[in-house]
Amino acid sequence: MATLAKDITRPVTSVNAATDSSAERDLVHEWHELLARHSTVSCAIERALQEGHGLGVSEFEALERLVEMDKDQCRGQDLFESLPLSQSAASRLIARLEREGLVTREICELDRRAIFICITDAGRARYQAAPAPPNARSSPPPCTRRTSTNNAPSPPAKGRC
């Protein structure tokens, strides 16, 4: 036990610092590459949904949750908790979907504080017409195919997301 304590408190030598620094730089580099790939794929999906169906990714996800619940209505709080958004952002999202006629909001008869979100026929049709985001069985969008020797994806076009 005493040996372990000595090793933990031992000063870092310049060799250890260089190794640690190199490993940390590699990890940071990998993190940046992952963020770039995520951004590229997210932008491609966002563009495809927006251009083809007038939906953003968040709108598509909200409609998807409502369709998957396979009920006539969903408690607003349950829907909000299933989305990767803050409650205020989710509320604004539902307001946009409601303005477009894709969902309706109804007050719960038993608890007037609770709100139900209901997908409309138009919302269900828009969801079904939109392509599902790529999954493991589909080929990646062209902008994410690896083209360089270091296996990094092609960068997104400037000003496109």
Side-chain angles (χ1 to χ4, degrees), residues 22-161:
S22 174
E24 186 174 308
R25 274 195 309 272
D26 289 347
L27 185 59
V28 168
H29 179 73
E30 288 292 324
W31 175 248
H32 288 161
E33 285 184 353
L34 176 63
L35 290 175
R37 286 190 300 273
H38 177 269
S39 176
T40 300
V41 171
S42 294
C43 287
I45 292 169
E46 185 79 33
R47 258 192 316 279
L49 285 171
Q50 192 63 48
E51 290 172 2
H53 305 281
L55 292 172
V57 172
S58 295
E59 287 89 353
F60 179 85
E61 287 179 357
L63 292 175
E64 183 174 54
R65 299 296 189 295
L66 291 167
V67 167
E68 286 176 349
M69 289 181 184
D70 202 27
K71 295 189 270 186
D72 291 338
Q73 58 190 16
C74 169
R75 271 182 7 116
Q77 190 62 37
D78 292 340
L79 179 61
F80 293 169
E81 288 173 359
S82 75
L83 297 171
L85 301 170
S86 68
Q87 183 153 355
S88 64
S91 184
R92 289 190 305 271
L93 170 76
I94 297 304
R96 284 194 308 270
L97 292 173
E98 187 176 33
R99 276 193 306 273
E100 292 182 35
L102 304 178
V103 301
T104 60
R105 290 190 233 200
E106 298 176 9
I107 305 233
C108 175
E109 293 299 322
L110 300 174
D111 180 356
R112 308 242 352 126
R113 297 170 297 172
I115 294 177
F116 288 109
I117 311 295
C118 307
I119 190 166
T120 63
D121 290 340
R124 194 173 299 278
R126 178 92 60 95
Y127 167 78
Q128 290 170 342
N135 61 36
R137 293 175 306 209
S138 65
S139 63
C143 65
T144 62
R145 291 195 184 115
R146 300 192 183 278
T147 57
S148 68
T149 56
N150 69 356
N151 276 347
S154 304
K158 292 196 185 282
R160 290 297 312 249
C161 187

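Heavy atoms from other residues, nucleotides or ligands lying under 6.0 Å from CG of D26 number more than 12. Taking a 6.0 Å sphere around CD of E81, one finds it holds more than 12 heavy atoms contributed by other residues, nucleotides or ligands.
Salt bridge absent: R126 and E59 never bring a charged side-chain N and a carboxylate O closer than 4.0 Å.
With rounding to the nearest 0.5 Å, the separation of CG in L55 from CD1 in I45 is 13.5 Å. The structure places CD of Q77 at 10.5 Å from OG of S82, a figure rounded to the nearest 0.5 Å. Note that CG of L63 and CG of L97 are 5.0 Å apart. Values are rounded to the nearest 0.5 Å. With rounding to the nearest 0.5 angstrom, the OG atom of S91 is 9.5 Å from the CD atom of E98. A distance of 11.5 Å separates OG in S88 from CG in L93, rounded to the nearest 0.5 Å. A distance of 11.0 Å separates CE in M69 from CD in E64, rounded to the nearest 0.5 Å.
A donor-acceptor contact shorter than 3.5 Å is absent between the side chain of S39 and the backbone of L35.
Considering I115, V103, T104 in turn, V103 is the only one that fulfils the side-chain contact (heavy atoms from CB on, under 4.5 Å) rule with I94.
Side-chain contact check for R105 versus I117: some heavy-atom pair is nearer than 4.5 Å. For the pair E68/C74, no side-chain contact is recorded, criterion being any heavy-atom separation below 4.5 Å from C-beta on. Put simply, the side chain of C118 reaches to within 4.5 Å of the side chain of E106, judged on heavy atoms.
Contact between T120 and G101 at its shortest, heavy atoms only, is OG1-O, 2.6 Å. Residue A130 comes nearest to L49 through the heavy atom pair CB-CD2, 3.9 Å, listed as atom of the first residue, atom of the second, then distance.
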